[in-house]
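Working notes for the structure below.
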Amino acid sequence: MDKYIEHVYNALVEKDPEQKVFHQAALEVLESLEPATKKYPKYQEKSILERITVPERIIKFRVPWVNKEGKIEVNRGYRIQFNSAIGPYKGGLRFHPTVNEGVLKFLGFEQIFKNSLTGLPMGGGKGGSDFDPKGKTDEEVRNFCYSFMSELYRHIGQFTDVPAGDIGVGGREIGYLYGAYRNITNHHGTCVLTGKGLPYGGSLIRPEATGYGCVYFVQEMLKTKNEEMKGKVACISGSGNVAQFAAEKCLDLGVKVVAMSDSSGWIHDPDGIDRDKLAWIMELKNVRRGRIREYADEYDVEYSSKGSPWSVKCDIALPSATQNEVDAKEAQALVDNGVMAVGEGANMPCVPQAVEIFQKAGVLFGPGKAANAGGVSVSGLEMAQNSQRFFWTREEVDKRLHGIMVNIHENAYKTAEVFGKKGDYVLGANIAGFLKVAEAMLAMGFYA
Ligand code: NDP
(Lines give C-alpha, C1' and ligand atoms only; values in the text may rest on other atoms or scores of the structure.)
Protein backbone atom coordinates (compact mmCIF):
# COMPACT_ATOMS: atom_id res chain seq x y z
CA MET A 1 0.00 0.00 0.00
CA ASP A 2 1.18 3.52 -0.84
CA LYS A 3 2.67 5.39 2.19
CA TYR A 4 0.16 8.26 2.11
CA ILE A 5 -2.84 5.90 1.92
CA GLU A 6 -1.39 3.74 4.68
CA HIS A 7 -0.89 6.76 6.92
CA VAL A 8 -4.52 7.90 6.44
CA TYR A 9 -5.91 4.40 6.99
CA ASN A 10 -3.82 3.74 10.12
CA ALA A 11 -4.99 7.01 11.66
CA LEU A 12 -8.63 5.93 11.24
CA VAL A 13 -8.00 2.56 12.88
CA GLU A 14 -6.04 4.11 15.70
CA LYS A 15 -8.68 6.72 16.51
CA ASP A 16 -11.69 4.39 16.47
CA PRO A 17 -10.36 0.82 16.75
CA GLU A 18 -13.80 -0.75 17.23
CA GLN A 19 -15.32 0.60 13.99
CA LYS A 20 -14.38 -2.46 11.89
CA VAL A 21 -17.01 -2.12 9.19
CA PHE A 22 -16.06 1.53 8.65
CA HIS A 23 -12.38 0.54 8.34
CA GLN A 24 -13.40 -2.06 5.73
CA ALA A 25 -15.28 0.52 3.65
CA ALA A 26 -12.54 3.13 4.05
CA LEU A 27 -9.79 0.68 3.02
CA GLU A 28 -11.65 -0.36 -0.12
CA VAL A 29 -12.07 3.28 -1.19
CA LEU A 30 -8.60 4.46 -0.15
CA GLU A 31 -6.78 1.63 -1.93
CA SER A 32 -8.59 2.28 -5.18
CA LEU A 33 -7.88 6.04 -4.96
CA GLU A 34 -4.12 5.44 -5.10
CA PRO A 35 -3.78 6.05 -8.87
CA ALA A 36 -5.66 9.35 -8.49
CA THR A 37 -3.62 10.62 -5.54
CA LYS A 38 -0.44 9.66 -7.41
CA LYS A 39 -1.55 11.47 -10.56
CA TYR A 40 -2.68 14.59 -8.66
CA PRO A 41 -0.24 15.36 -5.77
CA LYS A 42 -2.39 18.37 -4.79
CA TYR A 43 -4.76 16.02 -2.92
CA GLN A 44 -1.98 14.93 -0.59
CA GLU A 45 -0.60 18.47 -0.29
CA LYS A 46 -4.04 19.72 0.82
CA SER A 47 -4.76 16.69 3.07
CA ILE A 48 -7.90 15.75 1.15
CA LEU A 49 -7.90 12.10 2.25
CA GLU A 50 -7.38 13.01 5.92
CA ARG A 51 -10.38 15.36 5.64
CA ILE A 52 -12.74 13.25 3.55
CA THR A 53 -12.47 10.26 5.93
CA VAL A 54 -13.58 12.23 9.00
CA PRO A 55 -17.24 13.29 9.29
CA GLU A 56 -17.92 17.02 9.42
CA ARG A 57 -20.30 16.37 12.30
CA ILE A 58 -21.69 13.46 14.35
CA ILE A 59 -24.93 13.97 16.22
CA LYS A 60 -25.75 11.39 18.88
CA PHE A 61 -28.84 11.50 21.07
CA ARG A 62 -31.13 9.49 23.30
CA VAL A 63 -34.57 8.49 22.07
CA PRO A 64 -37.02 7.77 24.89
CA TRP A 65 -40.38 6.33 23.77
CA VAL A 66 -43.43 4.65 25.30
CA ASN A 67 -44.03 0.94 24.59
CA LYS A 68 -47.41 -0.79 24.48
CA GLU A 69 -47.27 -1.57 28.20
CA GLY A 70 -46.90 2.14 28.91
CA LYS A 71 -43.25 1.74 29.93
CA ILE A 72 -40.54 4.13 28.72
CA GLU A 73 -37.77 2.54 26.66
CA VAL A 74 -34.59 4.27 25.51
CA ASN A 75 -32.67 3.84 22.25
CA ARG A 76 -29.66 5.60 20.73
CA GLY A 77 -30.23 7.96 17.79
CA TYR A 78 -27.56 9.21 15.36
CA ARG A 79 -27.02 11.44 12.36
CA ILE A 80 -23.61 11.40 10.68
CA GLN A 81 -23.17 14.55 8.58
CA PHE A 82 -20.16 13.30 6.65
CA ASN A 83 -19.42 15.65 3.77
CA SER A 84 -21.31 18.62 2.37
CA ALA A 85 -18.79 19.87 -0.23
CA ILE A 86 -21.13 19.40 -3.20
CA GLY A 87 -24.56 19.76 -1.57
CA PRO A 88 -26.66 19.27 1.58
CA TYR A 89 -25.99 16.00 3.42
CA LYS A 90 -28.16 13.27 1.96
CA GLY A 91 -28.57 9.65 3.00
CA GLY A 92 -30.99 7.30 4.66
CA LEU A 93 -31.99 6.44 8.21
CA ARG A 94 -31.56 2.83 9.34
CA PHE A 95 -33.55 1.37 12.25
CA HIS A 96 -31.98 -1.97 13.19
CA PRO A 97 -30.52 -3.42 16.41
CA THR A 98 -27.04 -3.60 14.80
CA VAL A 99 -26.88 0.17 14.23
CA ASN A 100 -23.98 1.97 15.91
CA GLU A 101 -21.63 4.83 15.08
CA GLY A 102 -19.23 2.62 13.06
CA VAL A 103 -21.98 1.15 10.86
CA LEU A 104 -23.38 4.61 10.15
CA LYS A 105 -19.91 6.00 9.41
CA PHE A 106 -19.40 3.21 6.85
CA LEU A 107 -22.76 4.00 5.23
CA GLY A 108 -22.25 7.78 5.35
CA PHE A 109 -18.77 7.47 3.86
CA GLU A 110 -20.03 5.33 0.95
CA GLN A 111 -22.83 7.83 0.43
CA ILE A 112 -20.37 10.69 -0.31
CA PHE A 113 -19.06 8.94 -3.45
CA LYS A 114 -22.39 7.46 -4.46
CA ASN A 115 -24.14 10.83 -4.34
CA SER A 116 -21.33 12.44 -6.28
CA LEU A 117 -21.67 9.77 -9.00
CA THR A 118 -25.35 10.61 -9.52
CA GLY A 119 -24.31 14.02 -10.87
CA LEU A 120 -26.83 15.70 -8.55
CA PRO A 121 -25.83 18.27 -5.89
CA MET A 122 -25.96 16.07 -2.79
CA GLY A 123 -23.42 15.62 0.00
CA GLY A 124 -23.09 12.43 2.06
CA GLY A 125 -24.77 11.54 5.34
CA LYS A 126 -26.48 8.68 7.16
CA GLY A 127 -28.37 8.19 10.39
CA GLY A 128 -30.61 5.91 12.34
CA SER A 129 -31.09 4.08 15.58
CA ASP A 130 -30.61 0.70 17.25
CA PHE A 131 -34.41 0.58 17.55
CA ASP A 132 -35.94 -2.57 15.99
CA PRO A 133 -39.32 -1.92 14.31
CA LYS A 134 -39.80 -5.67 13.81
CA GLY A 135 -42.59 -7.01 16.03
CA LYS A 136 -43.59 -3.53 17.24
CA THR A 137 -47.14 -2.20 16.94
CA ASP A 138 -47.87 0.75 14.65
CA GLU A 139 -48.40 2.90 17.73
CA GLU A 140 -45.00 1.95 19.18
CA VAL A 141 -43.29 2.75 15.86
CA ARG A 142 -45.13 6.10 15.75
CA ASN A 143 -44.12 6.93 19.32
CA PHE A 144 -40.52 6.10 18.50
CA CYS A 145 -40.51 8.15 15.26
CA TYR A 146 -41.99 11.18 17.02
CA SER A 147 -39.35 11.05 19.74
CA PHE A 148 -36.53 10.50 17.21
CA MET A 149 -37.66 13.51 15.18
CA SER A 150 -38.08 15.71 18.26
CA GLU A 151 -34.27 15.84 18.38
CA LEU A 152 -33.39 15.31 14.70
CA TYR A 153 -35.56 18.19 13.41
CA ARG A 154 -33.13 20.85 14.62
CA HIS A 155 -30.28 19.37 12.54
CA ILE A 156 -32.01 18.86 9.18
CA GLY A 157 -33.55 21.04 6.46
CA GLN A 158 -33.75 21.33 2.69
CA PHE A 159 -30.46 23.28 2.51
CA THR A 160 -28.74 21.39 5.34
CA ASP A 161 -29.50 17.69 5.49
CA VAL A 162 -32.25 15.62 3.87
CA PRO A 163 -32.63 12.08 5.30
CA ALA A 164 -34.54 9.20 3.64
CA GLY A 165 -35.27 5.52 4.37
CA ASP A 166 -33.00 2.47 4.63
CA ILE A 167 -33.29 -0.89 6.41
CA GLY A 168 -36.26 -0.73 8.80
CA VAL A 169 -37.34 2.70 7.55
CA GLY A 170 -39.94 2.37 4.82
CA GLY A 171 -43.09 4.24 3.84
CA ARG A 172 -44.73 3.83 7.25
CA GLU A 173 -41.75 5.21 9.19
CA ILE A 174 -41.13 8.11 6.76
CA GLY A 175 -44.82 9.05 7.15
CA TYR A 176 -44.58 9.16 10.94
CA LEU A 177 -41.25 11.05 10.82
CA TYR A 178 -42.61 13.63 8.38
CA GLY A 179 -45.78 13.99 10.47
CA ALA A 180 -43.66 14.63 13.54
CA TYR A 181 -41.48 17.17 11.68
CA ARG A 182 -44.57 19.09 10.51
CA ASN A 183 -46.08 18.98 13.95
CA ILE A 184 -42.91 20.30 15.62
CA THR A 185 -41.91 22.95 13.07
CA ASN A 186 -45.18 23.96 11.33
CA HIS A 187 -43.29 23.63 8.02
CA HIS A 188 -44.77 21.88 5.01
CA GLY A 189 -43.76 21.70 1.37
CA THR A 190 -40.03 21.99 1.97
CA CYS A 191 -38.08 18.88 1.17
CA VAL A 192 -36.78 17.79 4.55
CA LEU A 193 -37.19 14.05 3.94
CA THR A 194 -37.37 11.97 0.78
CA GLY A 195 -39.20 8.72 0.22
CA LYS A 196 -42.39 10.53 1.24
CA GLY A 197 -45.79 9.12 0.32
CA LEU A 198 -47.37 10.43 -2.89
CA PRO A 199 -50.19 12.36 -1.20
CA TYR A 200 -47.78 14.53 0.79
CA GLY A 201 -44.92 15.34 -1.58
CA GLY A 202 -43.35 12.04 -2.58
CA SER A 203 -42.07 11.23 -6.05
CA LEU A 204 -43.39 8.54 -8.33
CA ILE A 205 -40.81 5.74 -8.79
CA ARG A 206 -38.99 6.49 -5.49
CA PRO A 207 -39.99 3.15 -3.90
CA GLU A 208 -38.93 1.34 -7.08
CA ALA A 209 -35.78 3.37 -7.72
CA THR A 210 -32.99 1.42 -5.98
CA GLY A 211 -34.08 -1.97 -7.31
CA TYR A 212 -34.87 -0.69 -10.81
CA GLY A 213 -31.62 1.27 -10.92
CA CYS A 214 -29.57 -1.77 -9.90
CA VAL A 215 -31.05 -3.80 -12.75
CA TYR A 216 -30.45 -0.92 -15.21
CA PHE A 217 -26.82 -0.87 -14.10
CA VAL A 218 -26.42 -4.64 -14.60
CA GLN A 219 -28.03 -4.27 -18.03
CA GLU A 220 -25.36 -1.70 -18.96
CA MET A 221 -22.58 -3.98 -17.70
CA LEU A 222 -23.93 -6.86 -19.79
CA LYS A 223 -24.01 -4.63 -22.89
CA THR A 224 -20.22 -4.24 -22.67
CA LYS A 225 -20.04 -8.01 -23.32
CA ASN A 226 -22.75 -7.90 -26.00
CA GLU A 227 -25.12 -9.70 -23.66
CA GLU A 228 -28.75 -8.88 -22.85
CA MET A 229 -30.96 -9.40 -19.80
CA LYS A 230 -33.67 -11.37 -21.58
CA GLY A 231 -33.56 -15.09 -20.86
CA LYS A 232 -31.16 -14.83 -17.93
CA VAL A 233 -31.75 -16.36 -14.47
CA ALA A 234 -31.33 -14.24 -11.33
CA CYS A 235 -30.93 -14.85 -7.58
CA ILE A 236 -31.80 -11.97 -5.27
CA SER A 237 -31.17 -11.79 -1.53
CA GLY A 238 -33.51 -9.92 0.77
CA SER A 239 -37.21 -9.40 0.21
CA GLY A 240 -37.44 -5.79 1.33
CA ASN A 241 -37.69 -2.59 -0.68
CA VAL A 242 -34.60 -3.03 -2.88
CA ALA A 243 -35.08 -6.76 -3.49
CA GLN A 244 -38.78 -6.47 -4.37
CA PHE A 245 -38.27 -3.87 -7.08
CA ALA A 246 -35.10 -5.44 -8.42
CA ALA A 247 -37.25 -8.56 -8.91
CA GLU A 248 -39.99 -6.50 -10.59
CA LYS A 249 -37.57 -4.92 -13.09
CA CYS A 250 -36.01 -8.34 -13.79
CA LEU A 251 -39.48 -9.57 -14.76
CA ASP A 252 -40.02 -6.48 -16.98
CA LEU A 253 -36.80 -7.34 -18.83
CA GLY A 254 -37.53 -11.05 -19.27
CA VAL A 255 -35.27 -12.33 -16.46
CA LYS A 256 -36.39 -15.34 -14.41
CA VAL A 257 -35.98 -14.79 -10.63
CA VAL A 258 -35.52 -18.10 -8.81
CA ALA A 259 -34.49 -17.17 -5.24
CA MET A 260 -35.18 -14.55 -2.56
CA SER A 261 -34.53 -14.42 1.19
CA ASP A 262 -34.95 -12.62 4.51
CA SER A 263 -32.89 -12.61 7.69
CA SER A 264 -34.29 -16.04 8.70
CA GLY A 265 -33.79 -18.01 5.47
CA TRP A 266 -34.25 -18.28 1.71
CA ILE A 267 -36.57 -19.85 -0.84
CA HIS A 268 -35.75 -21.49 -4.18
CA ASP A 269 -38.49 -21.51 -6.80
CA PRO A 270 -37.13 -23.19 -9.96
CA ASP A 271 -40.28 -22.23 -11.93
CA GLY A 272 -39.54 -18.57 -11.25
CA ILE A 273 -41.19 -15.92 -9.08
CA ASP A 274 -43.73 -14.51 -11.52
CA ARG A 275 -45.74 -11.29 -11.13
CA ASP A 276 -48.51 -12.88 -9.05
CA LYS A 277 -46.01 -14.52 -6.72
CA LEU A 278 -44.07 -11.25 -6.39
CA ALA A 279 -47.30 -9.38 -5.53
CA TRP A 280 -47.86 -12.04 -2.86
CA ILE A 281 -44.35 -11.41 -1.45
CA MET A 282 -44.95 -7.65 -1.41
CA GLU A 283 -48.17 -8.14 0.55
CA LEU A 284 -46.43 -10.59 2.90
CA LYS A 285 -43.54 -8.22 3.61
CA ASN A 286 -45.11 -4.75 3.38
CA VAL A 287 -48.58 -5.37 4.84
CA ARG A 288 -48.60 -8.57 6.88
CA ARG A 289 -44.94 -8.16 7.85
CA GLY A 290 -44.45 -11.95 7.69
CA ARG A 291 -41.51 -14.24 6.95
CA ILE A 292 -40.28 -15.50 3.54
CA ARG A 293 -40.69 -19.07 4.89
CA GLU A 294 -44.45 -18.65 4.29
CA TYR A 295 -43.77 -18.44 0.54
CA ALA A 296 -42.51 -22.03 0.60
CA ASP A 297 -45.75 -23.19 2.24
CA GLU A 298 -47.90 -21.17 -0.18
CA TYR A 299 -46.14 -22.32 -3.40
CA ASP A 300 -44.72 -25.66 -2.26
CA VAL A 301 -41.05 -24.88 -2.92
CA GLU A 302 -37.78 -25.41 -1.05
CA TYR A 303 -37.02 -23.25 2.02
CA SER A 304 -33.81 -23.28 4.02
CA SER A 305 -32.76 -21.45 7.14
CA LYS A 306 -29.16 -22.54 6.53
CA GLY A 307 -26.72 -21.32 3.90
CA SER A 308 -27.81 -18.69 1.40
CA PRO A 309 -29.44 -18.30 -2.01
CA TRP A 310 -25.94 -18.06 -3.54
CA SER A 311 -25.76 -21.85 -3.86
CA VAL A 312 -28.49 -21.68 -6.54
CA LYS A 313 -27.24 -21.64 -10.15
CA CYS A 314 -27.83 -18.26 -11.80
CA ASP A 315 -26.49 -15.83 -14.42
CA ILE A 316 -27.13 -12.70 -12.37
CA ALA A 317 -26.77 -12.25 -8.60
CA LEU A 318 -28.26 -9.22 -6.88
CA PRO A 319 -27.32 -9.18 -3.17
CA SER A 320 -29.92 -6.76 -1.79
CA ALA A 321 -30.20 -7.43 1.95
CA THR A 322 -27.31 -6.09 4.03
CA GLN A 323 -23.54 -5.62 4.40
CA ASN A 324 -21.10 -8.57 4.29
CA GLU A 325 -23.74 -11.12 3.31
CA VAL A 326 -21.68 -12.73 0.49
CA ASP A 327 -18.48 -14.37 1.76
CA ALA A 328 -15.59 -15.87 -0.24
CA LYS A 329 -17.10 -19.38 -0.23
CA GLU A 330 -20.42 -18.12 -1.53
CA ALA A 331 -18.69 -16.01 -4.19
CA GLN A 332 -16.77 -19.09 -5.32
CA ALA A 333 -20.01 -21.10 -5.49
CA LEU A 334 -21.54 -18.41 -7.70
CA VAL A 335 -18.47 -18.41 -9.96
CA ASP A 336 -18.44 -22.23 -10.15
CA ASN A 337 -22.11 -22.10 -11.18
CA GLY A 338 -21.29 -19.71 -14.02
CA VAL A 339 -22.53 -16.35 -12.72
CA MET A 340 -21.93 -13.58 -15.31
CA ALA A 341 -22.81 -10.42 -13.39
CA VAL A 342 -23.18 -9.31 -9.78
CA GLY A 343 -24.94 -6.03 -8.96
CA GLU A 344 -24.83 -4.89 -5.34
CA GLY A 345 -28.37 -3.75 -4.48
CA ALA A 346 -27.35 -3.46 -0.84
CA ASN A 347 -24.43 -1.43 0.54
CA MET A 348 -21.22 -3.49 0.65
CA PRO A 349 -22.94 -6.91 0.67
CA CYS A 350 -19.83 -8.64 -0.71
CA VAL A 351 -16.78 -9.04 1.56
CA PRO A 352 -13.48 -7.87 -0.04
CA GLN A 353 -12.36 -11.49 -0.74
CA ALA A 354 -15.65 -12.13 -2.57
CA VAL A 355 -15.11 -9.06 -4.75
CA GLU A 356 -11.61 -10.27 -5.54
CA ILE A 357 -12.94 -13.71 -6.55
CA PHE A 358 -15.52 -12.15 -8.89
CA GLN A 359 -12.99 -9.81 -10.47
CA LYS A 360 -10.35 -12.52 -10.94
CA ALA A 361 -12.93 -14.78 -12.58
CA GLY A 362 -13.92 -11.99 -14.99
CA VAL A 363 -17.43 -11.67 -13.55
CA LEU A 364 -18.95 -8.22 -14.17
CA PHE A 365 -19.07 -6.69 -10.69
CA GLY A 366 -21.12 -3.53 -9.98
CA PRO A 367 -20.27 -2.13 -6.53
CA GLY A 368 -23.11 -0.74 -4.41
CA LYS A 369 -22.09 2.87 -4.63
CA ALA A 370 -22.69 2.72 -8.39
CA ALA A 371 -25.25 -0.08 -8.76
CA ASN A 372 -27.62 1.01 -5.97
CA ALA A 373 -27.35 4.76 -6.57
CA GLY A 374 -30.81 4.80 -8.20
CA GLY A 375 -32.54 5.30 -4.86
CA VAL A 376 -30.70 8.43 -3.87
CA SER A 377 -30.92 9.65 -7.46
CA VAL A 378 -34.71 9.65 -7.36
CA SER A 379 -34.52 11.16 -3.88
CA GLY A 380 -32.61 13.99 -5.59
CA LEU A 381 -35.38 14.18 -8.18
CA GLU A 382 -37.95 14.28 -5.35
CA MET A 383 -36.09 17.30 -3.93
CA ALA A 384 -36.12 18.93 -7.38
CA GLN A 385 -39.87 18.38 -7.76
CA ASN A 386 -40.59 19.69 -4.25
CA SER A 387 -38.54 22.84 -4.98
CA GLN A 388 -40.60 23.42 -8.11
CA ARG A 389 -43.88 22.73 -6.25
CA PHE A 390 -44.60 20.36 -9.11
CA PHE A 391 -44.74 16.64 -9.93
CA TRP A 392 -43.38 14.67 -12.85
CA THR A 393 -45.09 11.63 -14.35
CA ARG A 394 -44.00 8.07 -13.68
CA GLU A 395 -42.54 7.84 -17.20
CA GLU A 396 -40.60 11.09 -16.78
CA VAL A 397 -39.02 10.04 -13.46
CA ASP A 398 -38.22 6.54 -14.74
CA LYS A 399 -36.61 7.99 -17.88
CA ARG A 400 -34.44 10.29 -15.76
CA LEU A 401 -33.52 7.42 -13.43
CA HIS A 402 -32.53 5.28 -16.39
CA GLY A 403 -30.46 8.14 -17.84
CA ILE A 404 -28.67 8.65 -14.53
CA MET A 405 -27.84 4.92 -14.21
CA VAL A 406 -26.50 4.83 -17.78
CA ASN A 407 -24.33 7.88 -16.99
CA ILE A 408 -23.04 6.36 -13.74
CA HIS A 409 -22.10 3.20 -15.60
CA GLU A 410 -20.34 5.13 -18.35
CA ASN A 411 -18.51 7.33 -15.87
CA ALA A 412 -17.29 4.36 -13.79
CA TYR A 413 -16.37 2.37 -16.90
CA LYS A 414 -14.47 5.19 -18.60
CA THR A 415 -12.71 6.29 -15.41
CA ALA A 416 -11.45 2.74 -14.84
CA GLU A 417 -10.19 2.72 -18.42
CA VAL A 418 -8.41 6.09 -18.04
CA PHE A 419 -6.64 4.82 -14.91
CA GLY A 420 -5.55 1.61 -16.68
CA LYS A 421 -8.02 -0.81 -15.05
CA LYS A 422 -10.61 -1.46 -17.74
CA GLY A 423 -13.66 -3.31 -16.39
CA ASP A 424 -12.83 -2.55 -12.72
CA TYR A 425 -16.04 -0.80 -11.66
CA VAL A 426 -14.89 -0.59 -8.04
CA LEU A 427 -11.90 1.53 -8.95
CA GLY A 428 -13.83 3.47 -11.60
CA ALA A 429 -16.74 4.35 -9.30
CA ASN A 430 -14.52 5.28 -6.36
CA ILE A 431 -12.24 7.57 -8.39
CA ALA A 432 -15.06 9.16 -10.41
CA GLY A 433 -17.08 9.88 -7.25
CA PHE A 434 -14.01 11.14 -5.40
CA LEU A 435 -12.68 13.57 -8.02
CA LYS A 436 -15.77 15.81 -8.01
CA VAL A 437 -15.91 16.02 -4.21
CA ALA A 438 -12.15 16.57 -3.91
CA GLU A 439 -12.23 19.41 -6.45
CA ALA A 440 -15.11 21.07 -4.56
CA MET A 441 -13.18 20.73 -1.29
CA LEU A 442 -10.08 22.27 -2.86
CA ALA A 443 -12.08 25.17 -4.27
CA MET A 444 -13.51 25.99 -0.85
CA GLY A 445 -10.18 26.02 1.00
CA PHE A 446 -9.88 24.24 4.30
CA TYR A 447 -13.47 24.93 5.38
CA ALA A 448 -14.77 21.97 3.38
P1 NDP B 1 -35.57 -3.34 3.94
O2 NDP B 1 -35.61 -3.18 5.41
O3 NDP B 1 -36.75 -2.97 3.13
O4 NDP B 1 -35.20 -4.86 3.57
C5 NDP B 1 -34.04 -5.46 4.04
C6 NDP B 1 -34.08 -6.94 3.65
O7 NDP B 1 -32.84 -7.54 4.00
C8 NDP B 1 -35.15 -7.72 4.38
O9 NDP B 1 -35.60 -8.79 3.59
C10 NDP B 1 -34.38 -8.24 5.59
O11 NDP B 1 -34.95 -9.40 6.18
C12 NDP B 1 -33.03 -8.54 4.99
N13 NDP B 1 -31.98 -8.46 6.00
C14 NDP B 1 -31.75 -7.44 6.87
N15 NDP B 1 -30.71 -7.72 7.66
C16 NDP B 1 -30.27 -8.93 7.28
C17 NDP B 1 -29.24 -9.79 7.72
N18 NDP B 1 -28.42 -9.43 8.73
N19 NDP B 1 -29.09 -10.98 7.08
C20 NDP B 1 -29.91 -11.36 6.08
N21 NDP B 1 -30.92 -10.59 5.63
C22 NDP B 1 -31.09 -9.41 6.22
O23 NDP B 1 -34.26 -2.54 3.47
P24 NDP B 1 -33.89 -2.02 2.00
O25 NDP B 1 -34.37 -2.99 0.99
O26 NDP B 1 -34.28 -0.60 1.92
O27 NDP B 1 -32.29 -2.04 2.08
C28 NDP B 1 -31.54 -3.21 1.73
C29 NDP B 1 -30.10 -2.80 1.46
O30 NDP B 1 -30.08 -1.85 0.38
C31 NDP B 1 -29.36 -2.12 2.61
O32 NDP B 1 -27.99 -2.46 2.54
C33 NDP B 1 -29.52 -0.64 2.29
O34 NDP B 1 -28.50 0.15 2.89
C35 NDP B 1 -29.37 -0.68 0.79
N36 NDP B 1 -29.91 0.48 0.07
C37 NDP B 1 -31.23 0.81 0.21
C38 NDP B 1 -31.73 1.89 -0.51
C39 NDP B 1 -33.17 2.24 -0.50
O40 NDP B 1 -33.57 3.12 -1.28
N41 NDP B 1 -34.00 1.61 0.30
C42 NDP B 1 -30.84 2.74 -1.32
C43 NDP B 1 -29.50 2.23 -1.46
C44 NDP B 1 -29.06 1.16 -0.75
P45 NDP B 1 -36.03 -9.30 7.37
O46 NDP B 1 -37.34 -9.06 6.68
O47 NDP B 1 -35.94 -10.62 8.04
O48 NDP B 1 -35.61 -8.15 8.23
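Whatever order the structure lists them in is the order used to number ligands and atoms, beginning at 1.
For the pair Arg57 (side chain) and Phe82 (backbone), a donor-acceptor distance under 3.5 Å is absent. The main-chain N or O of Gly77 is never found under 3.5 Å from a side-chain atom of Lys60 such that the two would form a donor-acceptor pair.
Side chain to side chain, Asp269 and Tyr295 meet the donor-acceptor criterion of an N or O pair below 3.5 Å.
Taking the six-membered ring for Trp and the full ring otherwise, the centers of Tyr212 and His402 sit at least 6.0 Å from each other. The aromatic ring centroids of Tyr153 and Tyr181 lie 6.0 Å or more from each other. Aromatic ring centres of Phe61 and Tyr78: separated by at least 6.0 Å.
Considering each of Thr322, Thr210, Ile167, the one bringing a non-hydrogen atom nearest atom 42 (C) of ligand 1 is Thr210. Between atom 31 (C) of ligand 1 and the options Pro349, Gly368, Ala321, the minimum heavy-atom separation is to Ala321. The nearest non-hydrogen atom to atom 25 (O) of ligand 1, considering only Val242, Ile292, Leu284, Ile236, comes from Val242.
Residue contact check: Arg206 has heavy atoms under 4.0 Å from atoms 40 (O) of ligand 1. Proximity to Ser239 (heavy-atom distance under 4.0 Å) selects the following atoms of ligand 1: 9 (O).
When only interatomic distances are considered, the shortest N/O to N/O separation between Asn347 and ligand 1 falls below 3.5 Å. At under 3.5 Å, not a single nitrogen or oxygen of Lys114, backbone or side chain, sits near a nitrogen or oxygen of ligand 1. Ligand 1 has an N or O atom lying under 3.5 Å from an N or O atom of Arg291, backbone or side chain. At least one N/O-N/O distance between Arg94 and ligand 1 falls below 3.5 Å.
In this structure, atom 33 (C) of ligand 1 lies nearest to the protein heavy atom Asp166 OD1, 3.1 Å.
Residue contact annotation: Lys285 has a non-hydrogen atom under 4.0 Å from ligand 1. Look at Gly345 and you'll find a heavy atom under 4.0 Å from some atom of ligand 1.
Contacts between Ser320 and ligand 1 below 4.0 angstrom, taking non-hydrogen atoms only, involve the backbone exclusively. Counting heavy atoms under 4.0 Å from ligand 1, residue Lys369 does not touch it at all. Proximity of Gln323 to ligand 1, defined as any heavy-atom pair under 4.0 Å, is not found for any part of the residue.
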Practice prompt. Would you check, one step at a time, whether the test side chain to side chain contact (heavy atoms under 4.5 Å, CB included) holds for Asn347 with Gln323?
Written response: CA-CA 6 Å; Asn347 285 310; Gln323 64 268 14; 5.9 Å; no

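Within 6.0 Å of atom CG in Asp300, 12 or fewer heavy atoms from other residues, nucleotides or ligands are found, so the atom counts as exposed in its surroundings.
At least one cation-pi condition fails for Arg291 and Trp266: the charged atom is not both under 6.0 angstrom from the six-membered ring centre and inside a 45 degree cone around its axis.
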